Amino acid sequence: MAKTILITGGTGFIGSNLCKKLIQDENNRIISLDNNYTGSIQNVQELLDNPRFTFVEHDVIEPLEIEEKIDEIYNLACPASPPAYQGERAIFTTKTCVYGAINMLELARNNNAKILQTSTSEVYGEPLVHPQTETYRGNVNPIGIRACYDEGKRTAESLFFDYNRIYGTKIKVVRIFNTYGPLMDSKDGRVVSNFICQALQSKNLTIYGDGSQTRSFCYVDDTVEALIKMMASDNNFFGPVNIGNPSEFTISELAELVREKINKNLSLIYEPLPADDPTQRRPDITLAKEKLNWEPKVQLAEGLDKTIAYFASKL
Ligand code: UDP
């Protein structure tokens with residue numbers, strides 16, 4: 001059945017990968033919406049000629065009126081890299097999360113559309129439960145430098161559930177863990193893009209802290225598949241559901257892998273650990289397996305090869 005799908009954050013890293021996947025289905029018409037703060041129109045360049053694809057420059061902080069009837073909304077709009085969402089952008093980040101959620105929920109309500117919120121593993125903060133299950137309520141510092149993002153995303157989750165309870169809005173909430181792959185921004189400061197771009201340019205790799213903190217890295221194609229499966233899931237299943245790869249690595253292990261793949265002679269340089277940087281993170285994906293019949297297929301070594309090839313072609 002023909003569907004019109006709105007993707008906010010539609011020129012960002014995950015958003016543009018999602019646009020490229022969804023456009024493959026000829027029944028889908030895609031509206032990609034972004035303010036291009038961290039996204040880039042170049043990420044969707046090859047789609048601009050497609051009559052089933054439209055790009056709209058808009059900031060989700062402002063209400064959105066669209067003439068067309070919208071069937072599904074994927075709400076991805078928000079800077080997601082700590083250097084991009086913190087500091088001078090902190091208030092803007094909270095507004096993006098909160099006003100963005102309200103504006104898109106209103107649009108969903110007026111269109112009787114299904115709406116999926118991309119929440120985050122950051123709702124768990126510095127987790128005291130490991131691996132993290134969806135029932136864990138988290139350990140966020142509400143006044144720290146990451147709070148604009150963490151609390152913004154937490155508020156967005158509560159708004160989604162309130163719209164569902166009050167107006168019956170058809171909601172879906174996923175919590176995305178660290179994701180990497182092609183169309184990442186080389187300058188957004190995340191660990192995978194930093195290490196690969198540093199190594200490709202024969203620079204030393206920057207480890208923040210002692211490198212013992214862990215993350216679990218999911219290849220973007222797997223993440224995109226999970227988002228689409230969540231949107232298509234049973235109407236009574238709202239989530240939240242963790243989406244991530246449960247294979248956990250220390251940041252030192254990641255640096256070692258990147259060195260082995262690109263240049264073993266590069267040195268590591270140690271820089272201060274940013275405040276409130278979580279010590280460990282790994283998703284429990286039992287719920288995603290059960291409800292979405294989903295689990296990641298691409299393991300880190302393979303995903304890194306693809307991501308290295310992407311950055312090598314860009315730099
Ligand atoms: N990190 C690092 N070197 C870098 C960039 C990040 O050691 O050049 C660390 C960062 O302090 C964090 C981890 O890598 O512990 C993941 O950082 P990223 O910004 O990719 O994601 P997030 O902190 O949001 O999980």
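As the structure lists them, so they are numbered: ligands from 1, and atoms in each ligand from 1. These numbers come from a predicted model, not from an experiment.
Here I251 has side-chain heavy atoms under 4.0 Å from ligand 1, and that is the only part of it that gets that close. Residue L205 does not touch ligand 1, judged by heavy-atom distances below 4.0 Å.
The shortest N or O to N or O distance between Q198 and ligand 1 is not below 3.5 Å. Taking only nitrogen or oxygen atoms, main chain and side chain alike, A80 does not reach within less than 3.5 Å of ligand 1. Looking at ligand 1, you'll find an N or O of D277 within less than 3.5 Å of one of its N or O atoms.
Geometrically, R146 does not engage Y149 in a cation-pi contact defined by less than 6.0 Å to the ring centre and at most 45° from the axis. Cation-pi check for R89 over Y37 is met; the charged atom lies under 6.0 angstrom from the ring centroid and within 45 degrees of its normal.
K153 and E157 are not joined by a salt bridge, as no carboxylate oxygen comes within less than 4.0 angstrom of a charged side-chain nitrogen. Contact check on R154 versus E151 returns a salt bridge, with a Lys/Arg side-chain nitrogen under 4.0 Å from an Asp/Glu carboxylate oxygen. A salt bridge is defined here as a Lys NZ or Arg NE, NH1 or NH2 lying under 4.0 Å from an Asp or Glu carboxylate O, and R281 with E122 meets this definition.
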Review point. After noting the C-alpha distance and the side-chain angles of S252 and T250, does the key distance pass the side chain to side chain donor-acceptor pair (under 3.5 Å) rule?
Key: CA-CA 5 Å; S252 296; T250 66; 4.6 Å; no
Point to revise | Candidate pair N139 and E126, rule side chain to side chain donor-acceptor pair (under 3.5 Å), full reasoning | key: CA-CA 5 Å; N139 178 32; E126 168 70 2; over 6 Å; no
Check your understanding: Please walk me through it: do N43 and T11 pass side chain to side chain donor-acceptor pair (under 3.5 Å)?
Key -> CA-CA 6 Å; N43 288 342; T11 65; 5.8 Å; no
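Heavy-atom contacts of N178 reach the following atoms of ligand 1: 21 (O), 22 (P), 25 (O) (cutoff under 4.0 Å). Against a heavy-atom cut-off of under 4.0 Å, N194 is close to the following atoms of ligand 1: 4 (C), 5 (C), 8 (O). Atoms of ligand 1 found under 4.0 Å from any heavy atom of R190 (numbered from 1 in listed order, with element): 19 (O), 20 (O), 24 (O). The I207 neighbourhood of ligand 1 comprises atoms 7 (O), with distances under 4.0 Å to a heavy atom of that residue. Using a 4.0 Å cut-off to heavy atoms of T206, the atoms of ligand 1 that qualify are 2 (C), 3 (N), 4 (C), 7 (O), 8 (O).
For R281, the closest heavy-atom approach to ligand 1 falls below 4.0 Å. For the pair G189 and ligand 1, a heavy-atom separation below 4.0 Å is found. Ligand 1 is approached by R146 to a heavy-atom distance shorter than 4.0 Å. Proximity of S81 to ligand 1 is not established, as no heavy-atom distance is less than 4.0 Å.
Residue Y124 is tested with R137, R175, E134 for a side chain to side chain donor-acceptor pair (under 3.5 Å); the sole match is R175.
In terms of protein heavy-atom proximity, atom 19 (O) of ligand 1 is closest to P82 CD, 3.5 Å. Protein heavy atom in closest approach to atom 18 (P) of ligand 1: V191 N, 3.9 Å.
Relative orientation of the F238 and F161 rings is perpendicular, given thresholds of 30° and 60° on the angle between their planes.
Closest to atom 5 (C) of ligand 1 by heavy atom, among Y208, F217, F177, Y180, is Y208. With E122, Q213, R215, Q280 as candidates, the residue nearest to atom 9 (C) of ligand 1 on a non-hydrogen basis is Q213.
The heavy-atom pair separating P278 from Q213 by the smallest distance is O-CB, 3.8 Å.
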